[in-house]
Amino acid sequence: MIYLDNNATTPLDPKVQIRMTEFLKEYFGNPSSLYPIGRAVKEIITESRDAIAGALGAKRTEIIFTGSGTEADNFAILGVMDAMPEKKEFITSTIEHPAVLETAHYLEKKGVKVTFIPVDNTGLIDMDRLQKAISDNTALISIMHANNELGTIQPIQEVVKMGKEKGVLVHTDAVQTFGKIDLNVDDLGVDLLSVSAHKIYGPKGIGALYVRKGTNIMPFIHGGHQEGLMRAGTENTIGIVGFGEAVKIVQEKGEKDKKRIAKLADMMKKGIEEKIPRVKFNGHETDRIMGTLNYSFLGLEAEAILLALATKDIYVSTGSACSEDSEEVSHVLSAIGLKPEIARSSLRISLGRFNKEEDIHVVLRELPEIVRKLREISGLEIRDA
Ligand code: PLP
């Protein structure tokens, strides 16, 4: 199998699997219990929290475990808006993940004025529009760090600078950058930042929200005293253990992975552009998470290419996993100005830790042939010639 959909999810790292299995066998205590089997689990949770805090340059107490990256985004946005009911404005972008977009729509229904900042044809947000949108009534700006479909990385430090000038809090959804590029909450300057374990070879169903000390935010789940009273409920201990281990591995071998993935993606990019006529690269050439490649194969339905690749055991995506089963065109590709038929011809290839050079060679052998045949069937090959 050649798995090239690492932005949708990543396979569990074997070391994470071992750690989780060992934990499951040995530990069942409730971390809130005061006797040793409870305390032991509490300590392990603290280790994981420290690993995540360390990777982000944050403090232990600033990390809150959540049930997913989606929950972290919901928590950040709703928690801040709830804490400042007198401020009735929220700013985000048109290319956010549904975890943020749908939360924004929910806020609109509750009477909040939401401004969706547009992006240019590479996926970068319009900073002038952002500047104009910020008012004394704005409580929060939420701009994703990198986009899941294009990989385009936003200038978050500049967003923070603009926000700070008006005393506005800034959240970033860093689900796609955590583990892929170096992140430091102080360098970025953000007040809140979301991450998720299953994008970094950890388990699904566990995420975390970084909340800068002193940030005005309401608890998200009410109940017991877990997670500093911010997110009640007995902890997803197995998920937290896996998340912590996944982060430790990123810290140990992340640099090597990053260089290798960038090199492989570059090979893939050059190969696609050389071997396949009438392709259009979508995204930013340089301000991008390097392992993410998005191409339109003009004249074709991307789904046909995806299915043909799947018969060869090669897995890519036509957009975000969440919008895959919907008829609609990707909101991200629409936002960068692609016409619906071009958006529908677009594939995302996202590389990861377990891809090998041989995978790239296989794709560069199979994909041009698939595209050629599909164009031949639809009569497009003749026009290309
Ligand atoms: N934000 C971004 C940018 C994502 O890519 C994803 C996952 O696809 C999420 C949020 C949601 O994370 P989770 O799957 O952990 O809910």
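Hydrogens, waters and symmetry mates are skipped; everything else that's a heavy atom, side chains included, is used. Both counts, for ligands and for their atoms, begin at 1 and track the order of listing. Note that the coordinates shown come from a computational prediction; the quantities given were computed from them, not determined experimentally. For reference, positions follow the sequence shown, starting with 1.
Checked by atom type and distance alone, the side chain of Ser48 pairs as donor or acceptor with a backbone atom of Ile240 at under 3.5 Å. In terms of modelled atom types and a separation under 3.5 Å, the side chain of Glu96 and the main chain of Leu101 share no donor-acceptor contact. With hydrogens and angles ignored, the 3.5 Å screen pairs a side-chain donor or acceptor of Tyr201 with a backbone N or O of Arg353.
Follow the hydrophobic side-chain contacts under 4.5 Å out from Ile181 and you reach Val185 in the same cluster.
In this structure, of His198, Glu71, Glu96, His97, the residue bringing a heavy atom nearest to atom 6 (C) of ligand 1 is His97.
Ligand 1 places these atoms under 4.0 Å from at least one heavy atom of Met144: 3 (C). Near Ser68, with a cut-off below 4.0 Å to any heavy atom, the atoms of ligand 1 are 15 (O), 16 (O). Residue Asn148 has at least one heavy-atom neighbour below 4.0 Å for each of these atoms of ligand 1: 3 (C), 5 (O). Distances below 4.0 Å separate heavy atoms of Thr70 from the following atoms of ligand 1: 11 (C), 12 (O), 13 (P), 16 (O).
Within the 4.0 Å heavy-atom criterion, the part of Val175 lying near ligand 1 is the side chain and not the backbone. The part of Ser196 lying near ligand 1 is the side chain, judged by heavy-atom distances below 4.0 Å. Residue-level proximity to ligand 1 for Lys204 is absent, since no heavy atom of it falls below 4.0 angstrom. When heavy-atom distances to ligand 1 are checked against a 4.0 Å cut-off, Asn147 has no atom that comes that close, whether in backbone or side chain.
Residue contacts with ligand 1: Ala146 is placed with no nitrogen or oxygen under 3.5 Å of a nitrogen or oxygen of the ligand (distance criterion only). Between Lys199 and ligand 1, a contact under 3.5 Å exists for at least one N or O pair.
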**OP:** Mind running side chain to side chain donor-acceptor pair (under 3.5 Å) on Thr46 and Glu43 for me, showing each step along the way?
**Re:** CA-CA 5 Å; Thr46 302; Glu43 270 171 36; over 6 Å; no
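By the 4.0 Å N-to-carboxylate-O rule, Glu22 lies too far from Lys25 to be salt-bridged with it.
The side-chain heavy atoms of Val362 and Lys312, taken from C-beta on, include no pair separated by under 4.5 Å.
Judged by the 6.0 Å and 45° rule, Arg231 forms no cation-pi pair with Phe75.
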